[in-house]
There are 2 protein chains.
Amino acid sequence: MAAAQRQNGRSRPGRRATISDVSNALGLTKSTVSRALNDYPDIAETTRARVKRMAQKLGYRPLATAQSIRTGRVRAIGFIIELAEHDAHRPFMAEFLAGMSRSASAEGWTLTVAASSTPEETLEIISKLQMESKADGFIIPRTLIDDERITRLRNDYIPFVTFGRTNSDEETVWYDIAGEEAMRSAVLHLHDLGHDRIAFVNGGSKYKYSELRREGYIQGLTDAGLDIDHSLIFEECLSEEDGRAAAQSILAADNPPTAFVYALDRAALGLYPLAKELDLTIGEHLSVISYDGVPEGAAVEPPLSTYAVDIARAGERLGALLIRHLRDDEAKDLHELEQATFLDRGSAGAPALTSAQLSAHLRGLGPKGAFSNGRNST
Amino acid sequence: MAAAQRQNGRSRPGRRATISDVSNALGLTKSTVSRALNDYPDIAETTRARVKRMAQKLGYRPLATAQSIRTGRVRAIGFIIELAEHDAHRPFMAEFLAGMSRSASAEGWTLTVAASSTPEETLEIISKLQMESKADGFIIPRTLIDDERITRLRNDYIPFVTFGRTNSDEETVWYDIAGEEAMRSAVLHLHDLGHDRIAFVNGGSKYKYSELRREGYIQGLTDAGLDIDHSLIFEECLSEEDGRAAAQSILAADNPPTAFVYALDRAALGLYPLAKELDLTIGEHLSVISYDGVPEGAAVEPPLSTYAVDIARAGERLGALLIRHLRDDEAKDLHELEQATFLDRGSAGAPALTSAQLSAHLRGLGPKGAFSNGRNST
DNA sequence: ATCAAAGCCGAAACCGGTTTCGGCAACCAA
DNA sequence: TTGGTTGCCGAAACCGGTTTCGGCTTTGAT
């Protein structure tokens with residue numbers, strides 16, 4: 001019998017049940033209970049069942065911190081907020097965190113977050129959190145085309161999953177939205193509406209998603225049988241001001257586009273005030289399709305047609321993937337790619353003007369109201 | 001000598017230093033090292049110094065999870081994201097988290113976050129996190145006037161600090177911004193500019209801050225020697241649409257106000273499109289001062305004058321207060337109240353119209369451009 | 001010189017788990 | 001029968017710390 005292990009069996013009512021409470025209640029030892037709960041093969045099936053039932057009855061849940069000192073695992077996923085990142089990314093933060101937290105707590109895990117100001121600090125924090133057993137693995141958002149973080153994490157054998165693909169995808173667990181496919185079908189959609197000259201305003205060129213979306217745009221042009229005109233491509237547009245400036249510059253050239261594809265809603269919103277100044281109606285004289293699905297896009301007039309991303313779901317999937325990766329040594333190559341959902345809200349319509357007519361209007365610096373009586377006849 | 005405790009002294013190079021590494025290096029026992037580092041009084045000053053120096057040299061940092069199994073503390077502060085909250089609060093999330101995380105990591109603590117959909121779930125999660133030793137105390141944002149969370153947390157002896165005051169402030173640790181003072185001086189500022197009729201558009205009435213801001217507004221009127229007209233007060237305005245509707249309703253009545261004080265920037269932004277429709281220029285025909293300091297307020301024309309809140313700092317102070325509260329049993333009554341900083345950006349100016357003139361204009365449903373030639377002479 | 005009170009540190013128990021090791025009993029084949 | 005597996009569980013070490021307890025020195029007062 002296990003009399004030696006019976007000493008601490010006074011179960012104070014308010015206290016949480018420990019493994020000893022379970023073992024004492026059953027006349028077994030801690031070790032048997034532990035192995036039963038962790039599905040060791042050397043425990044009889046009937047015993048395992050008894051143990052699990054009793055654990056359930058007593059409301060026993062192993063103390064993660066106690067486990068961790070032996071196992072090195074705390075059942076926590078780590079996430080670093082980089083404040084240096086562009087403001088445009090911040091509004092998503094709450095939902096993203098919520099998503100991660102949901103999948104974590106569904107598995108009995110938790111989420112440890114920290115803040116950092118620079119990419120270097122991020123890496124320092126990550127290894128510190130890992131050393132201190134505050135997190136078992138990390139979720140890395142906004143992958144870069146050439147992401148130093150990833151090589152370093154891999155070198156240090158720190159488990160992680162990324163939101164977004166990278167150029168070194170071997171043996172990496174990632175989740176991503178197929179932004180390239182969204183851009184491609186945006187182009188095709190605009191072409192179907194009758195647009196022949198379609199501009200592309202991209203996001204920050206260091207991000208992998210920008211590369212992919214540009215490729216998607218190019219592919220869309222190719223699929224539509226349209227020429228690729230590099231003067232219609234603008235990069236590095238993250239903010240509303242960027243997006244506005246890009247459009248202004250593109251429209252000032254010869255042969256202006258009648259439609260825009262933006263890689264980011266935030267930048268696309270910059271087109272609205274510009275259009276108003278130029279006395280152009282979005283959805284008629286200028287069409288635009290964008291990407292992200294920010295709430296502000298629904299508030300402008302006409303509402304911005306966009307490919308919406310479910311950021312909470314992304315966080316949730318990433319959390320689930322990380323946990324799976326951490327539990328299962330074999331899960332070294334998990335990938336999930338999902339499609340954005342198109343919200344056709346009215347900012348993309350048949351072109352009311354040809355490129356030439358548009359050009360004439362812009363050059364003429366036409367007085368207010370030039371088109372206010374309706375569409376131009378072609 | 002402590003030969004019995006020497007068994008695990010093989011310091012693998014890559015491994016983190018343990019307390020045994022330190023004790024072995026010094027020829028002391030674990031217990032002495034532990035007490036020295038934790039400033040027990042029964043350790044000689046010279047020994048304490050030696051121990052601390054060696055710990056420093058070896059880069060020893062106690063493993064929080066190992067400590068926690070004895071002490072019950074993990075050096076983590078908990079924070080719950082409530083998604084049910086109004087969208088208006090979300091953009092702040094990243095900065096708020098960053099602030100909390102900063103003060104936490106400054107003290108060697110970390111931040112554990114979880115998501116919840118309802119207030120009830122929030123409380124469940126809190127006690128779960130506490131039971132599982134995932135967090136030692138919690139930061140509770142957006143206090144309500146009568147906040148059930150607080151009574152329950154207090155009943156369960158779960159340590160916490162609040163962002164915002166409540167009606168049961170005895171023995172509570174809180175941090176807050178003096179929104180009432182901001183509202184008061186907003187009224188006085190507008191009165192100094194020449195406004196006599198000043199409306200107030202408040203936020204959600206369940207929140208404590210709304211009560212305070214309303215009181216501040218009233219106090220401002222009193223200090224300015226103005227009458228209190230309850231028809232100029234509107235409650236429950238959280239969104240841009242709410243803010244717009246409130247202003248529309250208030251302006252439709254007799255004796256319309258020439259100035260507005262908004263409790264929330266987000267709602268105040270609703271005044272802009274309304275003013276445009278009514279052909280009124282903000283900063284001239286209508287003045288407005290608001291509160292929060294959201295980035296969008298700087299982008300509108302004219303930029304929104306507002307009392308800005310440093311939300312990152314709030315998070316930082318709250319984290320620091322919570323840690324102090326947790327470390328020191330005596331720290332049961334900490335309070336910090338700070339002032340918002342006024343950003344005078346142009347949406348508040350001398351009234352170009354009297355209330356009567358404004359009323360006449362509004363009733364006349366005047367054609368566009370009625371005031372476009374400049375200010376009215378009075 | 002003597003004795004009690006500090007001062008200081010080692011020994012060991014403890015926290016709540018996990019994991020290794022070994023032994024007993026039952027089973028199975030020879 | 002006998003001997004070797006196999007199945008199943010207890011005993012004990014262990015993880016990295018904290019905390020209680022007690023004992024040996026010093027110190028200080030008498």
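The chains referred to below are lettered A, B, ... by the order of the sequence lines, with proteins before strands, and numbering in each begins at 1. Nothing here was measured: the structure is a model prediction, and the numbers come from that model.
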remark   = A:L63 CG to D:dG16 C1', in whole Å, measures 15 Å
ask   = For DNA chain D, what residues of residues 32-44 of chain A have any heavy atom nearer than 4.0 Å?
value = A:T32, A:R35, A:D42, A:I43, A:A44
ask   = Judged by modelled atom types alone, do B:K134 and A:T110 share a side-chain donor-acceptor pair under 3.5 Å?
value = yes
Nearest-angstrom distance from the residue atom CD of B:E132 to P of C:dG17 = 11 Å
Of B:A66 and B:T46, the one whose closest DNA chain C nucleotide lies more 5' = B:T46
inquiry  = Can you measure B:Y60 atom OH to D:dT18 atom C1' for me and round it to whole angstrom units?
reply    = 10 Å
key: Protein-nucleotide distance (A:I69, atom CD1; D:dC15, atom C1'), rounded to Å   = 4 Å
key: Whether A:R73 side chain and A:L326 backbone form a donor-acceptor pair below 3.5 Å   = yes
request  = Please work out whether the ring planes of B:Y175 and B:F163 are parallel, tilted or perpendicular, with thresholds of 30° and 60°.
outcome  = tilted
inquiry  = Before you tell me yes or no, could you show the steps for B:W174 and B:L337 under side chain to side chain contact (heavy atoms under 4.5 Å, CB included), namely the whole-Å CA-CA distance, both residues' side-chain angles and the distance that decides it to 0.1 Å?
reply    = CA-CA 8 Å; B:W174 54 257; B:L337 185 63; 4.1 Å; yes
note = Taken to the nearest whole Å, CG/B:L28 to P/C:dC9 is 7 Å
message = In whole Å, I'd like the distance from the CD1 atom of A:I19 to the P atom of C:dT19.
response = 11 Å
ask   = Considering only side-chain heavy atoms of A:S31, which listed nucleotide, C:dC15, D:dG17, C:dT19, is closest?
value = C:dT19
task = Using whole Å, report how far CZ of A:R75 lies from P of C:dG17.
result = 10 Å
task = Can you measure from CD (B:E336) to CZ (B:R317) and round to the nearest 0.5 angstrom?
result = 4.0 Å
key: Side-chain H-bond candidate by donor/acceptor type, B:R154 with B:T172, under 3.5 Å   = yes
key: A:T47 side chain, from C-beta outward: closest of C:dT19, D:dC8, D:dG16   = D:dC8
request  = Let me know the distance between NZ of A:K30 and P of D:dC9, rounded to the nearest Å.
outcome  = 18 Å
task = Heavy atoms only: give me the nearest A:L83-B:R102 pair and the separation to one decimal.
result = CD1-NH2, 4.4 Å
